[in-house]
Each structure stands twice: as structure tokens, then as C-alpha cells.
2 protein chains.
Amino acid sequence: MEADTSRIEEYLESIYKLQQEQHPVSTSRLAEHLKLSPPSVSEMIKKLVHKGLVNQIEKGVCLTEEGNKMAKKVIRRHRLSERLLTDILGFKWDEVHDEACRLEHAISTEMEDRIAASLGNPRTCPHGHPIPDKDGVFIKEIVKPLSELKAMDKGIIVSVFEEDPKMLQYLASLGLIPDVCVKVEEVAPFGGPLIVCVSGSRYALGREVASKIKVK
Amino acid sequence: MEADTSRIEEYLESIYKLQQEQHPVSTSRLAEHLKLSPPSVSEMIKKLVHKGLVNQIEKGVCLTEEGNKMAKKVIRRHRLSERLLTDILGFKWDEVHDEACRLEHAISTEMEDRIAASLGNPRTCPHGHPIPDKDGVFIKEIVKPLSELKAMDKGIIVSVFEEDPKMLQYLASLGLIPDVCVKVEEVAPFGGPLIVCVSGSRYALGREVASKIKVK
DNA sequence: CCTTTTACTTAGGTATACCTAACTATCTGG
DNA sequence: CCAGATAGTTAGGTATACCTAAGTAAAAGG
Ligand SMILES: [Mn+2]
Ligand SMILES: [Mn+2]
Ligand SMILES: [Mn+2]
Ligand SMILES: [Mn+2]
């Protein structure tokens with residue numbers, strides 16, 4: 001036995017993430033996110049249903065209790081890996097996603113515990129996303145996208161919903177990282193950019209970009 | 001592309017290790033070491049030959065230049081992983097083999113470099129085996145098994161050729177770890193045990209066990 | 001020298017996870 | 001209300017890496 005579960009883990013991880021945006025998750029969204037063909041995903045979904053990890057409701061799938069538990073475990077490992085990579089090995093936050101996406105499947109429960117302990121049980125990944133504890137519990141902060149703030153509103157960056165290295169580099173270069181305070185100086189009309197003030201500097205941010213930044 | 005090379009890596013790693021004992025490596029020895037059936041190994045060998053990673057000579061295979069290079073890269077990653085696990089994450093030396101055996105395939109060149117740098121470019125794994133540098137070069141110490149020492153001979157433990165957790169725990173409990181000085185007090189005749197002195201204590205060691213401990 | 005054991009390969013089959021092409025159902029706009 | 005677009009599945013096929021059973025070749029022993 002001891003089957004290789006890395007593909008299943010990858011599917012559950014994707015479903016979990018996509019569920020946060022829209023519920024349930026359609027075959028095509030999942031296929032796009034995993035960069036696979038819809039038939040491949042369709043087929044795998046059948047296996048996941050069979051294993052009791054997802055339920056097929058109306059126009060898509062959603063995680064079962066067990067699927068959710070497994071997804072959270074993968075996400076815990078992913079985020080702990082990211083922290084290991086940044087905090088201990090000195091990676092930058094734009095370099096860790098792909099690496100962690102492989103590591104998460106190669107890490108044992110033992111190692112997961114050791115990483116957490118060595119890092120002092122961090123609550124978030126370098127991008128500000130919560131790390132579930134061993135029971136899948138985590139603090140869900142009430143956040144809103146920076147793009148929804150009005151002129152003169154202030155917020156503290158909680159997380160950055162982005163994985164693209166180029167984008168993350170760009171954001172870091174502006175100092176737009178978790179725990180930093182941002183003030184919106186101006187909101188251009190007709191979906192135009194936001195003028196934001198971060199640690200003394202002023203920048204123009206596109207709406208698209210601003211929507212990825214979650215503040216509280 | 002970006003094919004998954006983990007199975008190939010695992011084969012090359014095994015061939016490399018077995019080559020150190022006997023050259024060339026037979027199908028059956030490889031099958032036994034990898035815990036696979038001989039036909040599976042036979043088949044994979046064909047693929048490795050085709051890829052130019054091994055050569056089939058007389059009664060077995062041996063690594064080509066390229067196969068050797070790839071094997072050393074895997075071994076570097078394995079041993080660096082072990083060091084990460086012991087030195088940074090606090091694992092004991094008997095807990096790291098299997099973990100490292102999975103990690104070695106999930107680690108990028110980037111991460112390999114970062115681990116090495118973070119640990120100050122360690123020369124050996126926790127079991128005393130040399131870590132090849134980026135070009136595959138490492139210091140090969142001239143060692144002999146502890147079992148070959150005569151009464152009153154002294155030696156410093158360089159490495160322990162063993163992976164079994166139980167055995168490693170036992171050896172650690174006696175203080176038989178790299179860099180420790182051992183003195184052979186007595187060698188029982190007819191393949192009997194050795195009486196050794198380690199940091200003030202005296203122990204009887206079977207020949208089989210003693211042969212796994214390499215000293216200089 | 002021939003028989004038995006051992007070592008290795010061939011043949012045929014399984015499971016997993018992907019693909020493209022083709023079909024079907026469902027939604028949408030005119 | 002129906003034509004076309006969109007979404008999903010079925011059908012059929014590939015690659016990889018494993019297996020057992022059967023066959024063959026080489027080594028060893030009497
Ligand atoms: Mn992943
Ligand atoms: Mn993250
Ligand atoms: Mn290995
Ligand atoms: Mn080792």
C-alpha cells in the first residue's frame with residue numbers, strides 16, 4: 001500500500017482555494033487552475049467522489065468533511081514550507097510558491113510538526129495566509145480588498161492573494177507586504193487607479209492589483 | 001515537458017551506493033535494494049541505458065559519466081536534507097533517512113544551494129558520509145571497518161554504513177557516532193565480538209555491527 | 001558432462017494519470 | 001423558440017512504472 005497521494009492532494013488544494021472565491025467549483029475552473037484538460041479533471045473528480053473526498057452538487061464539486069481535512073493538511077504543509085524557505089533558508093517571498101508546491105507532498109507529519117516548532121508555530125505564510133493548526137483550525141481575519149477602500153481610508157495589509165513571482169516582486173518593491181499600513185489618498189473614477197501612501201511614499205496602483213491586496 | 005525524474009533518481013542513487021561495494025551492479029542486487037521485482041528493474045535498466053545513464057557491462061550495470069553526475073546530485077540533496085533535518089529541525093540521526101529519501105526529489109537546485117549555505121557548507125551527512133559539492137567533488141577519506149582493527153588499535157569514527165533506525169539508535173546509545181574515538185580492547189577469536197572502549201565505557205560489539213562502522 | 005539452481009529477460013497484464021476528438025447537454029441571445 | 005456558444009462527459013489512446021508467470025541462459029556441483 002502506501003499509495004502516492006500527491007495528485008489527489010494537488011486537486012484538493014486547488015478545490016479548496018477556488019471554493020473561497022466561488023462555491024461549488026466547476027470542472028473548467030479547476031482544469032484551468034491545475035493547467036489540465038477538462039476531461040482529465042472530469043475523470044479525477046469521479047475518483048475523488050468515489051473516495052469520499054468531494055461531493056458533486058449541481059454545477060460543480062465541493063469538499064466533503066474528509067476532503068476538507070485533507071486539503072487543510074496540504075495547505076498547512078504548503079504554508080509551513082514557505083515559512084521554512086523564507087525564514088530559515090533566506091528565500092524571497094516571490095520564490096517560494098513553486099518550491100513549496102512540491103515540498104508539501106514530500107513532508108511527513110513529523111516534519112510538519114518540527115518545522116512548526118522550529119519556527120515558533122507561525123500563524124501565517126509569508127503572503128499573510130493563515131496556517132491551519134494540526135486540527136485544521138485557523139484564525140480567519142475579516143478582510144476586504146484594498147480596491148474597496150475609499151479616499152482617505154487606511155488599512156493594514158493582512159495578505160496578498162497572488163502567486164506570480166513578477167507581481168510579488170513588484171509589490172515587495174513598493175513595500176506592499178503583510179502588516180504594513182496603507183492609506184488611500186485618492187481613488188480615480190471609472191475604474192481608474194488608486195493613489196496609495198505606504199511608509200512615506202506615494203504610488204499609483206491599478207484596481208486589479210489592489211483587489212489582490214487584502215486589508216483590515 | 002519537465003518530466004518527473006524521481007524514479008530514475010532513486011535507481012541511480014541505489015546503483016551508486018551498490019557500486020561502492022561491488023562493481024558492476026547486478027539486476028538482482030538492485031532489485032533487492034529497491035524492494036522491487038527483478039523484471040521491473042530489468043525493464044527500467046533498459047530505459048536507463050537508452051537515456052545514457054548506465055552501461056550494461058558483463059554481469060551488470062555501471063553508471064556512465066552522466067549517470068554518475070546525476071547520482072551525485074541526488075546524493076548531495078539527500079545528505080543536505082539529512083543535515084537540514086538534524087541540524088535545523090532537530091531530528092535524530094535515525095529518523096532522517098526515509099524523510100530525506102523523499103525530500104531529495106522535491107528539492108530544486110536553488111534550495112540545495114540555500115540549505116548548503118545556511119548550514120555553512122557541511123562536508124558530511126549526520127552519518128559521516130561526504131556531501132559532494134556542486135561539481136560532484138568530495139573528500140574521500142581512507143577508512144577501514146572497525147571490525148578490521150586489532151586489539152589495542154585506536155580509531156576515529158568517520159562514518160556509519162547503516163540506515164536501519166533501530167541499529168542507529170543502538171549505536172547512538174553507545175556513543176558510536178562520527179568523530180568519536182574508539183579503542184579496541186580485545187578481539188574475541190572465531191569471529192566473536194570486539195570489546196571496544198568509547199568515551200570511558202566498555203562494550204561488546206558483534207563483528208557484523210563493527211563492520212558497518214568505518215574508522216580512520 | 002549433465003543436472004540443478006540461480007540470474008535474468010520476455011510476455012502479458014494492472015493501475016494511475018494524463019491527452020485529443022467527438023458527443024451531449026445546457027444556457028443564452030436574437 | 002431555436003441556433004449557436006459554452007461546459008461537461010464519453011470514448012479511445014499514450015506513457016510510466018509496477019507486477020506475476022513463464023522461459024532461457026549461465027554457473028555450479030556431483
Ligand atoms: Mn501544491
Ligand atoms: Mn503563501
Ligand atoms: Mn532516495
Ligand atoms: Mn546519511
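Remember, it's a predicted structure, so these values are computed and weren't measured experimentally. Every chain is numbered from 1 and lettered A, B, ... according to where its sequence line falls, protein lines coming before strand lines.
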### Query
Start at the 5' end of DNA chain C and walk down; is the nucleotide closest to Lys59(A) or to Val41(A) reached first?
Val41(A)

### Query
Distance check: side-chain N/O of Lys46(B) vs OP1/OP2 of dT9(C), anything under 4.0 Å?
no

### Task
Ignoring backbone atoms, test whether Tyr11(A) places a side-chain nitrogen or oxygen under 4.0 Å from the OP1 or OP2 oxygen of dT16(C).
no

### Query
Starting at the 5' end of DNA chain C and moving along, which residue's nearest nucleotide shows up first, Pro38(B) or Ser40(A)?
Pro38(B)

### Message
Whether the Glu82(A) and His127(A) side chains hold a donor-acceptor pair (N or O, under 3.5 Å, no angle test) is what I'd like checked.
### Response
yes

### Message
Testing Ile45(A), Leu53(A), Thr27(A) one by one against Val61(A) for a side chain to side chain contact (heavy atoms under 4.5 Å, CB included), which residue passes?
### Response
Ile45(A)

### Message
Tell me the interatomic distance from Ile8(B), atom CD1, to dA17(D), atom C1', rounded to whole angstroms.
### Response
11 Å

### Query
Which nucleotide in the set dC18(C), dT9(C), dA17(D) lies at the smallest distance from any side-chain heavy atom of Ser42(B)?
dT9(C)

### Query
Lys212(B): what forms a side chain to side chain donor-acceptor pair (under 3.5 Å) with it, not counting sequence neighbours?
Glu162(B)

### Query
Side-chain N or O of Arg7(A) less than 4.0 angstrom from OP1 or OP2 on dC18(C)?
yes

### Query
Phosphate oxygens OP1/OP2 of dC19(D): is one of them under 4.0 Å from a side-chain N or O of Ser37(B)?
yes

### Task
Validate the cation-pi geometry between Lys214(B) and Phe161(B): distance from NZ or CZ to the six-membered ring centre under 6.0 Å, angle to the ring axis within 45°.
yes

#### Entry: Touch class at under 4.0 angstrom, heavy-atom based, for Glu58(B) against every strand present
nothing

### Message
Please report the distance, rounded to the nearest Å, between CD in Glu43(A) and C1' in dG12(D).
### Response
11 Å

### Query
What pairs with Ile88(B) under side-chain contact (heavy atoms from CB on, under 4.5 Å), at least two apart in sequence or on another chain?
Ile88(A), Leu84(B), Leu119(B)

### Message
Heavy atoms within less than 4.0 Å of DNA chain D: which residues of residues 21-33 of chain B have one? Give them sorted by number.
### Response
none

